2 protein chains.
Amino acid sequence: MSEPSKSILDQMLCFEVYSTEHAFSRLYKSLLAPLGLTYPQFLVMILLWENDGQTVNGIGGQLGLESSTLTPLLKRMERAGIVLRKRDADDERRVRVSLTEAGDALRHEAKGIGTCVADATGMPEAELKALLLELRKLRNGLAAHNLAAD
Amino acid sequence: MSEPSKSILDQMLCFEVYSTEHAFSRLYKSLLAPLGLTYPQFLVMILLWENDGQTVNGIGGQLGLESSTLTPLLKRMERAGIVLRKRDADDERRVRVSLTEAGDALRHEAKGIGTCVADATGMPEAELKALLLELRKLRNGLAAHNLAAD
DNA sequence: TGCGATTTAATCGTGGACGATTTATTTTGC
DNA sequence: GCAAAATAAATCGTCCACGATTAAATCGCA
């Protein structure tokens, strides 16, 4: 009873990840609202700004999302006029997602967001970097375990 | 261009938190499925196993969830026969949530879950503990900023 | 005492997320 | 060259999450 067992620690860690995700989500919501974007939509935009015309699966692979999540999300973005969805002529199974002019223009409006978030953490860069690496290690561990379960 | 700016780092960090949360969520889903629980429901159960008969707001405060999230969630748990929802006789605005026998019994079936998750991380206890503290620091920073925005 | 302000849940609409399934297309194996 | 397998996206049902609003109960204060 004196020391917290590893399993309790783990429960706490999972909850911490869960609630940190909520905190990030709330922060991004307020920053992204003026652009009319949600956080997952913003992630898609980052990928497209970097490399336009990707397929649904390509985007999903990078974000870890299924087509059942992405298809409706991309349709909302299409309705908002920031992306286009078009069947690939060479392989009609694929749908390629590309930026409209409005979508491309959003890139400039999104410039300030990163620094806002960085400031909000209130932590020095080195510490954030270390945290990033530790989290990546954790996620890789979990992902390996998730794969092994199949 | 040579060094990653703090804002890019931050974007990566946020994404890392986001996807680590997904990885945890997937892992817990497979562990909790035999108990018929989702992860947020499991969090509610942990609170009730610790302290039965809490109010909706009391639970929400600890988990950072709104009544608009909890009410339907608790109704599903009630339908599943693991909790009861009852208006407080002293203050009829409050709804008290308590465990049924079946809900209490689940506690034993959930025993092994923590160690499973701890093993899945593949990381030593000390490292997990340090990560927990860093994440808490980050979350507190973000939460402070979220509050200040009001 | 009684009325306005506050507190507590519940409701509604929107958006994310997943698994299972379906449909269409392409690849492969023979 | 064609049937079977594999791949890509979409669809459906369920659940989580939030903000805004509503309804009911309680509190507080004049």
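Lettering of chains follows the sequences in order, A, B, ..., and the numbering in each one begins at 1. Predicted model, so just to flag it, every value in this text is computed and none were measured.
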For A/E16, check salt bridge (Lys or Arg N to Asp or Glu O under 4.0 Å) against everything at least two apart and list the hits.
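Residues passing salt bridge (Lys or Arg N to Asp or Glu O under 4.0 Å) with A/E16: B/R136, B/R139.
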Pairing residues for B/E66 by the salt bridge (Lys or Arg N to Asp or Glu O under 4.0 Å) criterion, not counting sequence neighbours
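Applying salt bridge (Lys or Arg N to Asp or Glu O under 4.0 Å) to B/E66 gives none.
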Set of side-chain hydrogen bond (donor to acceptor under 3.5 Å, both in side chains) partners for [X], sequence neighbours left out:
X      : answer
B/E92  : none
A/D88  : A/R96
A/D91  : A/R93
B/E127 : A/K137

Heavy atoms under 4.0 Å, any strand shown: does B/D90 hit a base, just sugar-phosphate, or nothing?
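Sugar-phosphate contact only - B/D90 comes under 4.0 Å of backbone atoms but never of a base.
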So, A/F24 versus A/Y39, ring centres under 6.0 angstrom or not?
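Here the rings of A/Y39 and A/F24 have centres that are no less than 6.0 Å from each other.
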First-last contacting nucleotides on DNA chain D - partner chain A, under 4.0 angstrom, heavy atom
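Under 4.0 Å from chain A, the extent on DNA chain D is D/dT7 to D/dC18.
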In whole angstrom, what separates A/H22's NE2 from C/dA17's P?
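Rounded to the whole Å, the gap is 11 Å.
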I need the CG-P distance between B/L27 and C/dC18, as an integer number of Å.
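Computing the B/L27:CG to C/dC18:P distance gives 15 Å.
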In B/S/- notation (B base, S sugar-phosphate only, - none; protein heavy atoms under 4.0 Å), nucleotides 8-14 of chain C written 5' to 3' is SBBBB--
Which residues pass the side-chain contact (heavy atoms from CB on, under 4.5 Å) test with B/L47, not counting sequence neighbours?
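Checked B/L47 against side-chain contact (heavy atoms from CB on, under 4.5 Å); matches are B/Q54, B/I59, B/Q62, B/L63.
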Partners of A/K29 by side-chain contact (heavy atoms from CB on, under 4.5 Å), sequence neighbours excluded?
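None.
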Would you be so kind as to tabulate the donor-acceptor pairs closer than 3.5 Å made by side chains of residues 99-107 of chain A, with sequence neighbours excluded?
unit_1: A/T100; atom_1: OG1; unit_2: A/G81; atom_2: O; d: 2.7
unit_1: A/T100; atom_1: OG1; unit_2: A/I82; atom_2: O; d: 3.2
unit_1: A/T100; atom_1: OG1; unit_2: A/A102; atom_2: N; d: 3.4
unit_1: A/T100; atom_1: OG1; unit_2: A/G103; atom_2: N; d: 3.1
unit_1: A/D104; atom_1: OD1; unit_2: A/R107; atom_2: NH1; d: 3.2
unit_1: A/R107; atom_1: NH2; unit_2: A/W49; atom_2: O; d: 2.8

Which of residues 35-46 of chain A sit near DNA chain D, with a heavy atom under 4.0 Å from it?
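Result for residues 35-46 of chain A: none.
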